[in-house]
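The structure appears below as structure tokens.
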Amino acid sequence: MGRPRAFDEDEVVRAAVGLFGGRAYDGVSVDDLVSHLGVHRNSLYKTFGSKRGLYLAALRRHLADDVRPLADALAGAPDAATALRLVTSADLGLLVLAAVERAPVDEEAAAEVRAALDAVDRAIADALGAPADLAAALTAAALGMLVRGAPGSVGAALARRLDPSV
């Protein structure tokens, strides 16, 4: 019989969200995981199977803890400017990195990213009574602002165009 686990799996996954969200999958080594998460290498492999296994667990946690609540908030957005502000103020670092880094090479990550983006698009479309392609364009614009690193100034300009009362 093996020793009981000396770490909280939930805490490790939450910490991995921050690590992968700040440095991306390829920017995090197994040694980084071991040292930053306080988990022994053998325990990491026994629990998650691989670095990729931990990454997918972290991505799913990020989607559940950050993206799902965003979609819920978007469902009540009264206008496009509000939807834009909600998306650009959310913590979506891991989602964005997963979309550009892992989705092109990992079908499981791609499926998770697609489902998350579809949920955001649907919430925007439903809230605004907008066509699906317009909602997807608004999501893409908001995520692009996050990638540019200046969601405040760019977002404010776009919000003024979408809602002149802003």
Side-chain angles (χ1 to χ4, degrees), residues 1-77 82-127 135-136 138-140 142-152 155:
M1 181 192 247
R3 291 186 314 181
R5 199 178 290 165
F7 64 91
D8 182 325
E9 187 175 331
D10 192 54
E11 287 179 22
V12 167
V13 173
R14 286 181 197 279
V17 169
L19 198 56
F20 287 123
R23 295 175 34 195
Y25 181 83
D26 287 335
V28 177
S29 69
V30 173
D31 287 337
D32 292 332
L33 292 170
V34 168
S35 66
H36 285 87
L37 303 178
V39 176
H40 290 52
R41 185 180 302 270
N42 290 343
S43 295
L44 186 142
Y45 284 112
K46 184 175 180 180
T47 304
F48 301 104
S50 64
K51 172 184 161 181
R52 180 179 175 271
L54 175 55
Y55 175 81
L56 290 171
L59 178 60
R60 289 180 183 118
R61 172 58 53 83
H62 172 60
L63 300 179
D65 290 354
D66 299 311
V67 179
R68 189 171 301 134
L70 169 63
D72 292 345
L74 286 166
T82 301
L84 187 66
R85 280 192 297 279
L86 285 168
V87 174
T88 57
S89 65
D91 177 7
L92 300 178
L94 184 51
L95 174 63
V96 170
L97 289 172
V100 297
E101 180 193 34
R102 296 304 302 160
V105 298
D106 184 327
E107 185 50 43
E108 203 168 348
E112 295 289 346
V113 168
R114 261 192 314 276
L117 293 177
D118 287 348
V120 170
D121 293 346
R122 273 192 312 279
I124 291 172
D126 291 348
L138 185 61
T139 301
L143 293 176
M145 286 182 244
L146 291 174
V147 170
R148 289 187 68 158

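Numbering of residues begins at 1 and proceeds along the displayed sequence.
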Pairwise distance CG(L146) to CG(L97) - rounded to 0.5 angstrom: 11.0 Å
Contact check, side chains of V17 and L59, non-hydrogen atoms, under 4.5 Å: no
Side-chain (T88) to main-chain (L84) donor-acceptor, under 3.5 angstrom: yes
Residues R102 and E108 bridged, charged N to O under 4.0 Å: no
Atom of A110, atom of A103 and distance for their closest heavy-atom approach: CB-O, 3.4 Å
Side chain to side chain contact (heavy atoms under 4.5 Å, CB included) assessment of Y45 paired with L54: CA-CA 9 Å; Y45 284 112; L54 175 55; over 6 Å; no
Considering all heavy atoms, the nearest A83-L138 contact: CB-CD2, 4.0 Å
Donor-acceptor side-chain pairing of D66 and H62 below 3.5 angstrom: yes
Any side-chain heavy-atom pair of D126 and L74 under 4.5 Å: no
N/O donor-acceptor pair under 3.5 Å between E101 side chain and D26 backbone: yes
Taking every non-hydrogen atom, the tightest pair across P104 and A98: CD-O, 4.5 Å
Where V13 and A57 come nearest, the two heavy atoms and their spacing: CG1-O, 3.6 Å
Y25 backbone acceptor or donor facing K51 side chain under 3.5 Å: yes
Close side-chain approach of F48 to L56, heavy-atom, < 4.5 Å: no
Any side-chain heavy-atom pair of V147 and V96 under 4.5 Å: yes
Residues, nucleotides or ligands: over 12 heavy atoms within 6.0 Å of R68 CZ: no
Sole candidate of L92, V113, L94, D72 that passes side-chain contact (heavy atoms from CB on, under 4.5 Å) when paired with V67: L92
Which atom of A71 lies closest to which atom of A123, heavy atoms considered: O-CB, 3.3 Å
Flag, side chain of S89 to backbone of L86, donor-acceptor distance under 3.5 Å: yes
T139 vs V87 side-chain heavy atoms within contact, under 4.5 Å: no
Residue pair A16 / L37: nearest heavy atoms and the distance that separates them: N-CD2, 3.8 Å
Full working for side chain to side chain contact (heavy atoms under 4.5 Å, CB included) between H40 and K46: CA-CA 10 Å; H40 290 52; K46 184 175 180 180; over 6 Å; no
Pair D91-D65, side chain to side chain contact (heavy atoms under 4.5 Å, CB included): steps then yes or no: CA-CA 10 Å; D91 177 7; D65 290 354; over 6 Å; no
Inter-residue atom distance E112.CD - L95.CG, 0.5 Å rounding: 10.5 Å
